Amino acid sequence: MPELPEVEVIARQIREAYLGKCLRRVIARPVRMYQNIAPEEFARQLSHGCLKQVERYGKWMYWQVDALYPVFHLGMSGIFLKRKEDSRHPEHIHLEFYFDDGSQLFFQDTRKFGKIYLYRQPPQWHQLGVDPTKENFTLNKFKELLHLKGVRIKSLLMDQQVIAGIGNIYASEILFRAGISPFRSAKKIDDREAERLYHAIHTVLREAIERFGTTYRAYRTVDGTTGSNQQFLKVYHREGEPCPVCGTPIRKAMIDNRSTFYCERCQR
DNA sequence: TCTGACCTGCGA
DNA sequence: TCGCAGGTCAGA
């Protein structure tokens with residue numbers, strides 16, 4: 001579910017609403033998502049700490065709570081929800097944060113594919129490639145990355161060890177925006193195409209963040225509202241609809257077992 | 001490079 | 001009832 005733009009929106013909203021607040025209580029339900037700590041221990045260690053930092057890298061988010069660093073991956077259906085006083089307790093809440101000013105923040109993950117860690121220092125992201133919103137994602141760096149592996153360009157864009165943050169929706173949208181076929185070999189992308197792709201990555205991700213993310217199904221902002229970027233998707237999940245540029249019906253194919261949407265006329 | 005596993009819910 | 005869904009990982 002949440003790709004870079006959705007996680008960015010969630011991180012910004014958590015920062016805005018909770019930064020500086022202190023935890024009164026944390027409740028962690030026993031689910032498989034905890035990778036390096038037991039849920040009850042996670043809750044015990046974070047209780048009474050104060051939220052000092054909220055950061056995102058790729059599809060990952062981490063907080064600083066005093067000297068501890070909880071790290072979250074939202075999987076396919078993970079979201080953070082601001083609890084409203086009078087609202088019913090939603091289903092599939094695995095983690096509850098109660099702050100000392102009375103505000104509450106819940107982690108909900110219907111499919112339980114999310115991952116949670118607790119560290120004593122900020123995560124270093126050794127396993128992750130460059131985050132395309134950070135300054136070190138330069139055009140030259142991107143051109144280098146294209147030659148790293150002999151795979152199709154869509155697979156490369158989605159490879160978290162190469163570029164961290166692009167998932168299945170935005171990979172299709174970026175390739176459409178750049179006019180490049182998802183089946184092309186990454187190594188055979190020439191300089192002019194690389195430039196188009198580089199700009200498409202920035203534009204597509206930036207616009208998605210500005211629109212509070214893409215709500216295809218489960219994703220909600222921390223306020224519980226949907227994003228609006230789904231209204232602006234050009235190809236994702238639009239199989240059979242006319243291409244917004246040339247009118248040719250959008251096609252669907254499988255790449256790495258993931259649905260891939262493209263215009264065979266505009267994307268070469 | 002592909003398949004299945006991990007989960008639950010939705011829509012055809 | 002079946003296929004599919006924004007992700008990742010292990011194993012063949």
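Not measured: the values here are computed from a predicted model. Each chain gets a letter, A, B and so on, in the order its sequence line appears, and its residues count up from 1.
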Q | Dot-bracket notation for DNA chain B, counting Watson-Crick and G-U pairs under 3.5 Å, with | for partners on another strand | A | ||||||.|||||
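Ring geometry, A/Y216 versus A/H237: the interplanar angle falls from 30° to 60°, so the pair is classed tilted.
Looking at A/H89 and A/E96, their side chains do bring a donor and an acceptor atom within 3.5 Å of each other. A/D223 and A/T225 share no donor-acceptor pair across their side chains, judged by distance under 3.5 Å alone. Side-chain polar atoms of A/T260 and A/K252 form no donor-acceptor pair below 3.5 angstrom.
At whole-Å resolution of the value, NZ in A/K112 and C1' in C/dG7 are 16 Å apart. Counting to the nearest Å, the C1' atom of C/dC9 and the CZ atom of A/F113 are 11 Å from each other. Between the CG atom of A/D256 and the P atom of C/dG7 there is a distance of 12 Å, rounded to whole Å. With rounding to whole Å, A/I163 atom CD1 is found 14 Å from C/dG7 atom P. Separating the NE2 atom of A/H237 from the C1' atom of C/dC4 is a distance of 8 Å, rounded to the nearest angstrom. Regarding A/Q230, its CD atom lies at a distance of 15 Å from the C1' atom of C/dA5, rounded to whole Å. Note: OH (A/Y170) to C1' (C/dG7) measures 15 Å, nearest angstrom. As rounded to whole Å, 12 Å separates atom C1' of C/dC4 from atom CG of A/N257.
Within the 4.0 Å cut-off from OP1 or OP2 of C/dT8, not a single side-chain nitrogen or oxygen of A/K115 is found. Between A/H73 and C/dG7, a side-chain N or O to OP1/OP2 separation shorter than 4.0 Å is absent. Note on A/R111: every side-chain N or O is 4.0 Å or more away from OP1 and OP2 of C/dA5.
Tested against A/F72 for a ring pair (Phe, Tyr, Trp, His ring centres under 6.0 Å), the candidates A/W60, A/Y34, A/W63, A/Y57 yield a single pass: A/W63.
Read 5' to 3', the first and last nucleotides of DNA chain B with an atom closer than 4.0 Å to a heavy atom of chain A are B/dT1 to B/dG9.
In this structure, A/Q267 contributes its side chain and A/S181 its backbone to no donor-acceptor pair below 3.5 Å.
Every residue was checked against the side-chain hydrogen bond (donor to acceptor under 3.5 Å, both in side chains) condition with A/R196, not counting sequence neighbours, and none meets it.
When side chains are defined from C-beta on, A/L205 counts as touching A/Y170, because their heavy atoms get closer than 4.5 Å.
Sulfur-sulfur distance for A/C50 and A/C22: below 2.5 Å, consistent with a disulfide.
Nucleotides C/dT1 and B/dC7, compared at atom P, are 22 Å apart to the nearest Å.
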